[in-house]
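Below: the structure, in structure tokens.
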Amino acid sequence: MSVPAEWRPEDDLAEVLVTEAALTRRVAELGRQISSDYQGMELLLVGVLKGAVMFLVDLARQIRRPVELDFMAISSYGASTQSSGIVRILKDLDESVEGRHVLIVEDIVDSGLTLAYILRTLRARQPASLKVCGLLVKDGARGEEAPVDYVGFEIPNRFVVGYGLDYAEAYRNLPYVAVLKPELYRDPD
Ligand code: 5GP
């Protein structure tokens, strides 16, 4: 596939919701809070592929505690922008979580279905503790089913890309979070 010599992703965006500077600031704050909450403990950060990768690597570097990393991949929207409600593990963790202090690192919580599924799955494996750090939580996310212990930003219920989040695998490498122009996608009815 050929790409124009100059890549201009900003032409595809309606609005930047979270700037690069705001991300840097908030990730450092979350790192400080997590470091203080987990004093004397070793943490296992569980990243949800692929969207949480940028956030996880930045967050890990702001945590002043011993940290191990593991990853799981869950089926999500595919190339659509609506949650299907059907959640499936595509890649499971490499390590056991039994007796460990586990912090799930999520890119975005929308309906909360994905997170609720991950929480149920990992809780059954008997970690010493299980908490969630979500970079973005959309208005209307169902907190009872999928509580988020550490929230980066609450955002309006719009489809966003950047800082790990994609649309059909594109835009993950934008260093900020932005709303994609709705005319660039069409939700299946
Ligand atoms: P939920 O199960 O909470 O409805 O959706 C969670 C997953 O859907 C996220 O991990 C992410 O992969 C995807 N998702 C939800 N909202 C958005 C969005 O605004 N933009 C992108 N790129 N993905 C989203």
Side-chain angles (χ1 to χ4, degrees), residues 9-20 22-23 26-27 30 45-60 69-93 102-123 130-189:
E10 55 281 6
D11 292 349
D12 301 342
L13 308 174
E15 186 189 338
V16 173
L17 272 193
V18 190
T19 64
E20 187 171 2
L23 284 168
R26 187 72 188 120
V27 171
L30 288 169
L45 295 184
V46 168
V48 184
L49 295 172
K50 305 171 195 170
V53 164
M54 310 290 179
F55 178 41
L56 180 128
V57 297
D58 285 347
L59 181 68
L69 309 180
D70 207 344
F71 295 91
M72 67 198 295
I74 304 292
S75 65
S76 67
Y77 297 176
S80 160
T81 60
Q82 290 288 303
S83 188
S84 62
I86 298 161
V87 180
R88 199 159 57 89
I89 296 183
L90 301 177
K91 181 218 168 291
D92 207 338
L93 298 174
V102 177
L103 182 62
I104 299 169
V105 181
E106 256 285 29
D107 49 4
I108 188 163
V109 180
D110 183 357
S111 69
L113 283 171
T114 308
L115 187 54
Y117 176 83
I118 296 170
L119 280 168
R120 268 199 312 277
T121 305
L122 295 192
R123 207 173 279 130
L130 183 61
K131 285 191 180 185
V132 179
C133 180
L135 178 68
L136 305 168
V137 175
K138 281 192 185 175
D139 281 350
R142 289 200 303 254
E144 335 74 66
E145 281 174 47
V148 182
D149 303 279
Y150 303 96
V151 175
F153 299 89
E154 288 181 14
I155 62 164
N157 195 2
R158 299 169 75 186
F159 189 77
V160 293
V161 294
Y163 198 60
L165 289 158
D166 74 311
Y167 174 62
E169 293 301 322
Y171 309 106
R172 291 194 197 274
N173 58 329
L174 298 179
Y176 46 78
V177 175
V179 178
L180 193 63
K181 282 183 182 165
E183 60 265 35
L184 292 181
Y185 59 83
R186 206 192 135 267
D187 289 340
D189 298 320

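Order of listing sets the numbers, starting from 1, for every ligand and every atom in it. These values consider heavy atoms only, across backbone and side chains, with no hydrogens, waters or symmetry-generated copies. It should be emphasised that the depicted structure is a prediction, and the values quoted were computed from it without experimental measurement.
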Among side-chain atoms of Asp58 and Tyr163, is any donor-acceptor pair under 3.5 angstrom?
->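 Side chains of Asp58 and Tyr163: pair found under 3.5 Å.
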N or O contact, Val161 vs ligand 1, cut-off under 3.5 Å =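 Between Val161 and ligand 1 (N or O atoms, distance only) the closest approach is not under 3.5 Å.
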Looking only at N/O atoms, are Asp166 and ligand 1 under 3.5 Å apart anywhere?
->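 Yes.
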Looking at Leu103, Val105, Leu59, Val132, which one forms a side chain to side chain contact (heavy atoms under 4.5 Å, CB included) with Tyr150?
-> Leu103
Please could you name the atoms of ligand 1 that [X] approaches to less than 4.0 Å, counting only its heavy atoms?
X	answer
Ile108	6 (C), 9 (C), 10 (O), 11 (C), 14 (N), 15 (C), 16 (N), 17 (C), 18 (C), 19 (O), 24 (C)
Lys138	16 (N), 17 (C), 18 (C), 19 (O)
Leu165	21 (C), 22 (N), 23 (N)
Leu113	2 (O), 3 (O)
Ser111	1 (P), 2 (O), 3 (O), 4 (O)

For Lys50, look at atom NZ and say whether over 12 heavy atoms of other residues, nucleotides or ligands are found less than 6.0 Å away.
->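 No.
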Which atoms form the tightest heavy-atom contact between Val179 and Arg158, and what is the distance?
-> CG1-NH2, 3.7 Å
Taking every non-hydrogen atom, the tightest pair across Glu169 and Asp166 =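 Between these two residues, the closest heavy atoms are N-OD2, 2.7 Å.
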Contact partition for Arg158 relative to ligand 1, non-hydrogen atoms under 4.0 Å |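 For Arg158, the contact with ligand 1 is made by the backbone alone.
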